[in-house]
Undergrad: 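I'd like to ask you about the structure that follows.
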Amino acid sequence: MKVTAPPLGFNTWNTFGEDISDELIRSTADRIIELGLLDAGYNYIVIDDCWSEKQRDQNGRLVPNREKFPNGIKAVADYVHSKGLKFGIYSCVGNRTCADYPGSFEHEFIDAETFAEWGVDYLKYDYCFKPMTEKGDLLYKRMALALANCGRDILFSACNWGAENSKEWIKETGAHMWRSGNDIRDNWKSISDIFALQTEMIPYCSPACYNDMDMLVIGMNGEGFCALGGCSEIEYQTHFAMWCMFASPLMIGCDIRKIDDSALRILKNRGLIDICCDPLGCQPYMIDGVGCSDSHAQVWVRNLENGDIAIAMFNLGDGPSKGFLPLVSVGLNASTERTLELHDLYTGEVISGIRGEYLSEPIPAHGCKVFRAKVKKI
Ligand code: GLA
């Protein structure tokens, strides 16, 4: 199977950890529809680790945890499908998963077959307990082969945190997306660390295998399994803009059943989602900001399929600063008879006739400015 855009959806891990159930998945599916998140593009519901019994059955098959999923996994997947959503599950290259449930090592074909029977559309495949004697790329290739033979299209989401230089080999395994860093936490330091790492991963992203910056923490507000402090609204806005600029998969990690209006507004930002999923699949490039000595803000530009330009200014500093874009850096020197029409993707403001030497915008600490710019002839 081929993917054409980074997937969008929900994953249980960030908020719920091992505290997952049939009821949680069904009620989350209901809310995704009611809140218009499916219409916004979030069409996967993924159950992360801890969904199975601790041991396989006598035939070597994975068994859904009887207390958490008394009706089995297929019943939950059927419900998710009945809402027009897709269903995802989790396993691991090792003998055990990261939370010590059975992993798929040397059970790849039987597990892929089981997942297909249950109606799985997405597999997150982790890297814990990888046998020392095995090569990581072979283990991902093995599962990719099993998935390709299971009789169902299953999106393959590799999660090896960038271990063993996977940036060099992961795309060859057939994965459709890959996690290049450590687990996210719900705080600004974690977000800015992931962003810094991501800037080194740009050459490794492709429209066939997207760089996965990890699940989103927007809306967690310091509550849930991976919450360590929480973020401000401004920080959540910057987090979302970063993930969209870098074409990362967008997997919601908060409790959607209790989501607040601010988080919902951020997650449903059409302009940013369109940039994230732009069909050209280009990565952004950094403008080094010639002459912007008073500015901490990083300015990133991404070319979009229809000729528009995505412009993002990220203030990673702890005080206010400026984002500074010399227009010549996108080819608009004084003699070019073109102007920019800026669409501010958070305020909705449209500013036309931008020309001259540079664009300069004040940005609060940890904040951002994101525009979709249209190039207009004078
Ligand atoms: C690893 C992954 C996380 C999550 C947990 C589950 O830490 O990176 O995203 O899947 O395992 O145990």
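Counting starts at 1 for both ligands and their atoms, in listed order. All heavy atoms count here, side chains included; hydrogens, waters and symmetry mates do not. Quick note: residue numbers are just sequence positions, from 1.
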Undergrad: With atoms numbered from 1 as shown, which atoms in ligand 1 lie under 4.0 angstrom from a non-hydrogen atom of Cys98?
TA: 1 (C), 11 (O), 12 (O)
Undergrad: Looking only at protein heavy atoms, which one is nearest to atom 9 (O) of ligand 1, and what is the separation?
TA: Lys124 NZ, 2.8 Å
Undergrad: Is there side-chain contact between Ile252 and Leu37, with at least one heavy-atom pair below 4.5 Å?
TA: yes
Undergrad: Would you mind finding which of Asn182, Asp183, Asp100, Asp49 brings a heavy atom closest to atom 6 (C) of ligand 1?
TA: Asp49
Undergrad: Taking distance alone, with N or O pairs closer than 3.5 Å, would you say Asp214 contacts ligand 1?
TA: no
Undergrad: According to the interplanar angle, ranging from 0 to 90°, do the rings of Tyr127 and Trp169 count as parallel (below 30°), tilted (30 to 60°) or perpendicular (above 60°)?
TA: tilted
Undergrad: Please list, in number order, the atoms of ligand 1 under 4.0 Å from a heavy atom of Arg179.
TA: 8 (O), 9 (O)
Undergrad: Quick one: sort the Phe246 and Phe195 rings into parallel, tilted or perpendicular, breaks at 30° and 60°.
TA: perpendicular
Undergrad: Looking at every non-hydrogen atom in both residues, tell me the closest pair between Gln298 and Trp300 and how far apart they are.
TA: OE1-NE1, 2.9 Å
Undergrad: Work out whether the distance between some heavy atom of Asp48 and some atom of ligand 1 is less than 4.0 Å.
TA: yes
Undergrad: Against Phe371, only a single residue in Leu340, Ile354, Leu342 fulfils side-chain contact (heavy atoms from CB on, under 4.5 Å); can you say which?
TA: Leu342
Undergrad: Classify the contact between Cys159 and ligand 1 as side chain, backbone, both or neither, using a heavy-atom distance cut-off of under 4.0 Å.
TA: side chain
Undergrad: How would you list, by chain and number, every residue that makes a disulfide (SG to SG under 2.5 Å) with Cys226, sequence neighbours excluded?
TA: none
Undergrad: Check for me whether the distance between the ring centres of Phe156 and Tyr125 falls short of 6.0 Å.
TA: yes
Undergrad: Consider ligand 1: state whether an atom of it lies below 4.0 angstrom from any non-hydrogen atom of Tyr90.
TA: yes
Undergrad: What residue and atom, counting heavy atoms only, is the protein's closest point to atom 11 (O) of ligand 1, and at what distance?
TA: Asp126 OD2, 2.8 Å
